[in-house]
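Below is one structure, written out as structure tokens; the observations come after it.
The model shown is predicted, which means the values in this text are computed figures rather than measured ones. Side-chain atoms are counted along with the backbone in the values below, which use heavy atoms only and exclude waters and symmetry mates. Numbering of ligands and ligand atoms starts at 1, following listing order.
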Amino acid sequence: MTNNSYIGVFDSGIGGLTVVKSIIESMPNENIIYFGDTAHVPYGTRSPRQVTEYVLSDVKFINTFDIKAIVIACNTADSIARVKVEELYDLPVFGVVDPASKRAAEVTKNNKIGVIATNATIKSESYKAAIAKYNKDAEVFGVPCPLLVPLVENGRFHKGDIVIETVIKEYLDPLMEKGVDTLVLGCTHYPLLMEIIEGLYPSINIISSSGVAAETLKQNLEENGLISETESFDRKYFVSDDAEGFMRQAKVFMGDALGGEVEQVNLD
Ligand code: DGL
């Protein structure tokens, strides 16, 4: 393993590209392997046993490359299976839950933090536990938002779209009534909803788990002298189902920034 080894990123599907996008923005020369388990997406509605099984097979795959770090770019996977991944692999493991929790714990002024995420993430109480590590006085209100992932995947994330705005209000108005001053977007798809949420609730601190995760990764790689020294980059994307469909949706998540080929692999 060297500085120029790959950063190994995985997610249940397309959503982890919001993390990759942030990684590329701050570290454009990093070599990246991405695996999206599109054959099994969504993870957020599944049981912990099933999510763990999928995650272990995802990591086994990305570990077939020369990787210098594992990035769990999926809140559900990170919430449920992170400990297992750390136990099994002798590599630095980065997630999304801890960095976002730390940031939320630091920026809240009234110690009332809202977290929106998949059913599985909220049920795991991962955010509650992680925020408590950094701010023991914080009160955390978790809201499962199962309709948001399918709406985003169907392109319904534009300002003025009455469907997505109605659904967001239904989930978030009760949180606002509790007086939260900080809101964690605890799901990889939600950064695409940032503009709408900011428009609806302008006085709230909004923390994107994807953005903060990339910042934390960069800081850690710098501290450990592991930043890539190459001028160019190599990015490879793998999916467990249709590569074409992934490429089409990737444009929505990343514009034209993929910078690498997408290949379908069979992990079974
Ligand atoms: N990537 C998942 C997450 O961040 C959302 C999609 C899914 O449910 O698999 O929780």
Ligand 1 versus Thr118: contacting region, heavy-atom distance under 4.0 Å: side chain

Common cluster, Phe35/Val93, ILVMFWY with side-chain heavy-atom separation under 4.5 Å: yes

Ser240 versus Asp37, side-chain donor and acceptor atoms under 3.5 Å: yes

Atoms of ligand 1, numbered as shown, that sit under 4.0 Å from any heavy atom of Ser12: 1 (N), 2 (C), 6 (C), 7 (C), 9 (O)

Residue selection (non-hydrogen contact nearest atom 5 (C) of ligand 1) among Gly15, Cys187, Ala73, Gly44: Cys187

Over-ring placement of Arg235 relative to Phe233, 6.0 Å and 45° cut-offs: yes

Close-contact set for ligand 1 against Cys74 heavy atoms, below 4.0 Å: 1 (N), 2 (C), 3 (C), 4 (O)

Ring pair (Phe, Tyr, Trp, His ring centres under 6.0 Å) against Tyr89, all qualifying residues, sequence neighbours excluded: none

Residue-ligand contact Pro42/ligand 1, heavy atom below 4.0 Å: yes

Proximal atoms of ligand 1 relative to Tyr43 (non-hydrogen, under 4.0 Å): 7 (C), 8 (O), 9 (O)

Steps toward salt bridge (charged side-chain N to carboxylate O under 4.0 Å, His left out) verdict (Glu106, Lys102): CA-CA 6 Å; Glu106 285 163 2; Lys102 181 165 185 281; 3.1 Å; yes

Close-contact set for ligand 1 against Asp11 heavy atoms, below 4.0 Å: 1 (N)

Region of Val96 that comes within reach of ligand 1 [heavy atoms, distance under 4.0 Å]: neither

Centroid-centroid distance, Tyr190 to Phe157, less than 6.0 Å: no

Phe10/Tyr34 aromatic ring centres below 6.0 Å: no

Heavy-atom nearest option to atom 4 (O) of ligand 1, drawn from Thr45, Asp37, Thr188: Thr188

Which residue and heavy atom of the protein sit nearest atom 10 (O) of ligand 1, plus the separation: Thr76 OG1, 2.6 Å

